[in-house]
Trainee: 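Shown below is the structure under consideration.
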Amino acid sequence: MQADPDVRDSDDVLVARFLRGDEAAFDLLVARHRVAIYRLGFRFLGCHEEADDLAQEAFMRAYRSLRGFRGEASFRTWLTRIAINLALKARRSRRATVALEDAPDMQSGPAGPDAALKRQVRQAVGGLPPRQRQILFLKVYEGLKFTEIAQIAGISIGTAKATFFQAVQSLRGRLVPLDGGQGEEA
Amino acid sequence: MPACEAVQERIARWVAGEIDAESRRELETHLAGCPGCSTEAGRIREALALLERDEAPDPGPLYWGSFGSRLRARIAASTRRRRVLRLAAVAAAVAVAVAGLAVFQVRFPSVPQGGSGEERAAMPAPTRALPVGEADARLAELLRDTPARDAVLSDLDAMLDEIAPLDTPDAADALGRVPPDEGHLLVEELLDGHG
């Protein structure tokens with residue numbers, strides 16, 4: 001008889017157990033990745049209800065498709081790609097993207113010591129060209145490696161890196177007027 | 001020592017850790033002795049660090065406590081819905097096939113067997129039996145102006161795809177790869193699309 005899955009089991013082990021019929025292994029995968037997928041949804045869509053729906057739908061699709069998963073990408077990358085596809089679809093369908101600087105959590109929330117700087121950085125990120133903003137999003141917000149970003153976006157690793165570098169360069173140019181440039185405008 | 005402009009162009013690679021050891025040493029040496037570039041690098045690092053710390057709000061333990069059970073209910077409901085839809089699709093396909101057969105039989109009735117010689121004589125002259133190929137062609141012709149079976153099945157497929165997509169994640173296969181057309185969409189969205 002197979003022992004119960006353990007929270008210390010790797011994703012690969014849990015996926016293998018699920019493929020052998022162990023439903024509890026899927027529950028552990030959900031528990032492990034649900035926060036990241038919810039946050040991804042929130043950052044893309046900007047509200048709790050849509051983030052919740054995206055997270056539920058992403059895991060449901062993963063559940064249905066996992067039997068064909070061959071592990072060439074990591075489970076996390078694979079799941080992230082499902083979630084991003086759903087997020088992009090949701091944004092397309094509502095025909096109104098929530099810009100980073102307009103997302104609810106980005107307008108409210110506690111006013112910490114660096115709240116003003118945060119707002120400025122968000123505005124700078126929000127003003128980046130879409131391609132740069134989205135690669136920056138995957139790299140910085142989601143903490144993905146370039147290989148994972150390349151897999152998710154269906155682009156080469158070199159293109160993923162080059163786009164990220166361009167994004168940082170663009171950000172650098174946009175941040176200058178936010179602080180150092182204030183004197184120039186005064 | 002590299003010029004400030006060259007250093008600032010390399011800052012992005014530096015903050016991403018995508019720089020070789022020698023270039024890194026050169027760059028850090030320059031930063032240590034150049035307040036302007038050092039400020040520039042610090043600004044970038046601070047901005048990225050702020051973004052990294054910029055977490056979405058946590059919906060709280062009550063939300064997470066019900067997440068798994070709601071997911072299970074969603075999976076179960078979806079499974080039931082897909083089963084019903086697929087049964088409906090099969091039933092509709094069978095109904096269309098039966099209707100097609102009925103049309104065929106009305107149009108080409110078979111020669112009755114048995115009966116007395118007088119009964120057979122009283123009947124109209126038997127229809128010439130058609131070769132299979134010709135019969136198929138005639139049937140296709142008859143069905144052309146009726147609700148075509150293929151069209152009905154195609155509509156059902158479209159409906160199923162819309163309501164209950166196939167067992168692959170949206171636009172991604174089991175390996176996380178996307179088919180060329182959907183992949184194009186994804187890349188367009190990620191790279192050139194509407195941010």
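Every chain is numbered from 1 and lettered A, B, ... according to where its sequence line falls, protein lines coming before strand lines.
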Trainee: Taking C-beta and beyond as the side chain, do A:Arg172 and B:Arg43 meet within less than 4.5 Å on heavy atoms?
Mentor: no

Trainee: Can you sort out the partners of A:Leu28 under side chain to side chain contact (heavy atoms under 4.5 Å, CB included), two or more places apart, ordered by chain and number?
Mentor: A:Pro5, A:Val7, A:Leu14

Trainee: Side chain, backbone, both or neither: which part of B:Thr79 has an atom under 4.5 Å from a heavy atom of chain A?
Mentor: both

Trainee: At what distance, to the nearest 0.5 angstrom, does OG of B:Ser78 lie from CD of A:Gln56?
Mentor: 12.0 Å

Trainee: Do you reckon A:Phe42 sits in the same ILVMFWY cluster as B:Tyr63, going by side-chain contacts under 4.5 Å, direct or chained?
Mentor: yes

Trainee: Which atoms of A:Glu57 are under 4.5 Å from chain B, going by heavy atoms: the side chain, the backbone, both sets, or neither?
Mentor: both

Trainee: Which heavy atom in A:Val121 sits nearest to a heavy atom in B:Ala47, and how many Å separate them?
Mentor: CG1-O, 3.9 Å

Trainee: Return yes when atom CZ of B:Arg70 has more than 12 non-hydrogen atoms of other residues, nucleotides or ligands closer than 6.0 Å, and no otherwise.
Mentor: yes

Trainee: Not counting sequence neighbours, which residues clear ring pair (Phe, Tyr, Trp, His ring centres under 6.0 Å) with A:Phe165? List them please.
Mentor: none

Trainee: Write down the atom of B:Arg74, the atom of A:Asp53, and the distance for their closest heavy-atom approach.
Mentor: NH2-OD1, 2.9 Å

Trainee: Check each atom of A:Val30 against the heavy atoms of chain B and say whether the ones under 4.5 Å are side chain, backbone, both or neither.
Mentor: side chain

Trainee: Check for me, please, whether B:Trp64 and A:Leu54 land in the same ILVMFWY cluster - side-chain distances under 4.5 Å, paths through other members count.
Mentor: yes

Trainee: How many angstroms lie between atom CG of A:Leu136 and atom CG of B:Leu48, to the nearest 0.5 angstrom?
Mentor: 6.5 Å

Trainee: Considering only heavy atoms, which portion of A:Ala55 lies under 4.5 Å from any heavy atom of chain B: side chain, backbone, both, or neither?
Mentor: both

Trainee: Flag the pair B:Phe67 / A:Tyr38 as yes when their ring centroid distance falls below 6.0 Å, and as no otherwise.
Mentor: no

Trainee: Would you indicate whether the side-chain heavy atoms of B:Leu71 and A:Arg34 approach each other to under 4.5 Å?
Mentor: no

Trainee: Starting from A:Val15, can I reach A:Val13 by hopping between I/L/V/M/F/W/Y residues whose side chains sit under 4.5 Å apart?
Mentor: no

Trainee: Which one of A:Phe146, A:Phe164, A:Tyr63, A:Phe59 has the most heavy-atom pairs closer than 4.5 Å to chain B?
Mentor: A:Tyr63

Trainee: Taking all non-hydrogen atoms of both residues into account, name the closest pair between A:Glu23 and B:Arg72 and its distance.
Mentor: OE1-NH1, 2.7 Å

